[in-house]
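See structure below.
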Amino acid sequence: MLMACGATAKPSIEVIPYGVTSGGDSVSLYRLTNSSGFSMEVIDYGCRVVRIIVPDKAGQADDVVLGYDDIKGYETGGERFFGALLGRYANRISKGRFTLDSVEYQLSWNNTPNGFPCHLHGGDMGFDRVMWKGEPFELHDTIGVRFTRLSPDGEEGYPGNLNCEVKYFWTPENTWRIEYRATTDKATIVNMSQHSYFNLKGQKGGTVLDNYLTVYADSMTPNNAGYVPIGEIVPVAGTPLDFRTPHTFLERIDQPNEHMRIMEGYSANWVLNNQTGRMSKAAELSEPVSGRRLEVWTTEPGILIYTGRLLSEKIIGKQGRPLSKYGGLILETIHYPDTPNHPDFPSCVLRPGEQYFSATEYRFLIDSQY
């Protein structure tokens, strides 16, 4: 979709039928259009973001997230997590196993990198594979959708009945804000996140490796062959993972680095400099041709960035277009992977009487230097 927008209007919310899942659930799409005329679209199957339409430096608007055209694609497509809510635990847990209050829990195994089993993004039926209750809302000049669901005790092996709330806000300034909340009746672990793939070039695609990235992090957590942290936090200085000043991925993707050798490219968790739990800037991404810039702000201690190495022409995206390797990247704000098995990492434990809260903002801007 290409269009020029700019007129100020009243923000609007449309609720549109989006098909029926293989299990017989009717899916709704929520189209959120702000007062600037730009929009994002989300569905209640997996709280997925299916479109974000924002302008380039010439005022031309385009969709900057990858995805599919229909519900069948989101159920059966070659990339499971396009636009998806991740939970209960985003990213990997080694062997799907953790101990909490002297009790060992075994989660489902749904991923085996290099033959090492793990639990990935909530398991076989993670939060991305279930229906959520959606309720549109307006808050002054901001519009959004509130999604709720009860994750029952024992789902995918997790303890506790977890009452979840996820709010997506769409502001007049083209900011997508996410707020995650949860309560439990039994000690458990929680680490919700979002798995949208961004390409600031728009739907015509192209590599993201020529984008300029800045990450506000002095260190990262290197992985072992099972794609989970070895438990150490190491400096990024002198490595191809040092993005404390802007660089493209292409500049250093071929530099020797053990973590990148294991992951076969850029797929890493950065330890953000801000560890206070207050909203702060985590990263920013700039695409010179379009002039689009994306700032990521979060309360989370880490950000996982992956440049789409496994995307390929075998995956058919929107408008029947085959995707390409490095055709999108994720900016996943999280507690670190495998945290339950590393006591020195920031805790992801939630207990009865407490509330889990996390917030992230994706701010779409025009880079003035271009």
Side-chain angles (χ1 to χ4, degrees), residues 64-66 90-91 193-201 206-223 227 229-230 232-276 278-311 325-337 345-346 360-370:
V64 294
V65 293
L66 306 189
N91 218 272
S193 190
Q194 227 290 332
H195 204 273
S196 285
Y197 281 80
F198 299 100
N199 189 323
L200 298 182
K201 295 176 179 178
T207 183
V208 298
L209 296 184
D210 58 1
N211 289 195
Y212 284 87
L213 175 71
T214 307
V215 184
Y216 296 89
D218 296 332
S219 54
M220 53 83 64
T221 55
N223 286 351
Y227 293 3
I230 62 177
E232 297 179 4
I233 295 175
V234 303
V236 297
T239 78
L241 295 156
D242 186 354
F243 286 90
R244 291 174 296 174
T245 56
H247 292 277
T248 69
F249 298 100
L250 281 173
E251 290 176 48
R252 295 176 298 184
I253 194 170
D254 294 325
Q255 289 184 13
N257 178 268
E258 180 62 11
H259 174 90
M260 289 183 60
R261 183 193 68 79
I262 290 171
M263 302 306 294
E264 300 181 64
Y266 280 106
S267 179
N269 171 64
W270 276 261
V271 174
L272 296 173
N273 292 339
N274 180 59
Q275 298 283 314
T276 67
R278 294 192 298 269
M279 182 72 74
S280 65
K281 188 185 289 189
E284 54 186 280
L285 187 74
S286 295
E287 199 288 298
V289 175
S290 69
R292 293 188 180 97
R293 177 161 57 94
L294 174 56
E295 292 184 357
V296 184
W297 293 65
T298 189
T299 61
E300 286 294 303
I303 186 168
L304 191 291
I305 301 176
Y306 165 62
T307 55
R309 174 179 63 85
L310 295 178
L311 298 177
K325 186 176 182 178
Y326 306 127
L329 84 166
I330 60 170
L331 299 158
E332 184 180 298
T333 55
I334 54 171
H335 273 52
Y336 315 151
F345 288 178
T360 292
E361 292 183 357
Y362 296 101
R363 304 178 181 181
F364 295 92
L365 304 164
I366 302 299
D367 202 322
S368 58
Q369 69 176 305
Y370 303 121

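D210 CG to T248 OG1: the interatomic distance, rounded to the nearest 0.5 Å, is 7.5 Å. Distance check, rounded to the nearest 0.5 Å: OG1 of T333 to OH of Y362 gives 4.5 Å. Annotation: the span from M279 atom CE to T360 atom OG1 amounts to 6.5 Å, rounded to 0.5 Å. In this structure, OG1 in T214 is found 8.0 Å from NZ in K281, a value given to the nearest 0.5 Å. Taking CG of N211 as the start and CD of E287 as the end, the distance is 5.5 Å to the nearest 0.5 Å. Separation of atoms CD (E258) and CG (N223) is listed at 11.0 Å; rounding is to 0.5 Å.
Within the 4.5 Å cutoff, side-chain heavy atoms of K325 are placed close to those of R309. The closest side-chain heavy-atom distance from L331 to L294 is below 4.5 Å. By the 4.5 Å heavy-atom criterion applied to side chains, K201 and S290 are not counted as neighbours. Counting heavy atoms from C-beta on, the side chains of I233 and M220 never come closer than 4.5 Å. Side-chain contact between L329 and L285 is present, with at least one heavy-atom pair separated by less than 4.5 Å. Side-chain atoms of T239 and R252, non-hydrogen and from C-beta on, never get closer than 4.5 Å to each other. By the 4.5 Å heavy-atom criterion applied to side chains, P240 and M260 are counted as neighbours. Counting heavy atoms from C-beta outward, I262 and Y227 have side chains that approach closer than 4.5 Å.
Residues passing the ring pair (Phe, Tyr, Trp, His ring centres under 6.0 Å) test with F345, sequence neighbours excluded: Y336, H342. Checked against side-chain contact (heavy atoms from CB on, under 4.5 Å), S280 has the following partners two or more places apart in sequence or in another chain: N274. Listed by chain and residue number, F81, H121, Y197 satisfy the ring pair (Phe, Tyr, Trp, His ring centres under 6.0 Å) test with H195 (two or more places apart in sequence, or in another chain). Under the side-chain contact (heavy atoms from CB on, under 4.5 Å) criterion, A217 pairs with V215, W270, L272, not counting sequence neighbours. Considering only residues two or more places apart in sequence or on other chains, F243 meets the ring pair (Phe, Tyr, Trp, His ring centres under 6.0 Å) condition with F249, Y266. Take Y216 and apply the ring pair (Phe, Tyr, Trp, His ring centres under 6.0 Å) test, not counting sequence neighbours, and it matches no residue.
Side-chain N or O atoms of N199 include none that pairs as donor or acceptor with a backbone N or O of V208 at under 3.5 Å. Judged by distance alone, with hydrogens and angles left aside, the side-chain atoms of E295 form no donor-acceptor pair with the main-chain N or O of E284 at under 3.5 Å. Between the side chain of Q194 and the backbone N or O of S196, at least one donor-acceptor pair lies under 3.5 Å. Side chain of S267 to main chain of Y306: no donor-acceptor pair is present (N/O by atom type, distance under 3.5 Å, no hydrogens or angles).
Looking at every heavy atom in both residues, P222 comes nearest to V234 through CD-CG2, 3.7 Å. Closest heavy-atom contact between A282 and I303: CB-CD1, 4.3 Å. Here the closest heavy-atom approach between residue S193 and residue A90 is recorded as CB-CB, 3.7 Å. Closest approach of H259 and L241 over heavy atoms only: CD2-CD1, 4.3 Å. Summarising the geometry of L66 relative to G328, their closest heavy-atom pair is CD1-CA, 4.0 Å, with the distance given to 0.1 Å. Minimum heavy-atom separation, Q275 to P301: NE2-O, 3.0 Å.
Side-chain polar atoms of N269 and T221 form a donor-acceptor pair below 3.5 angstrom.
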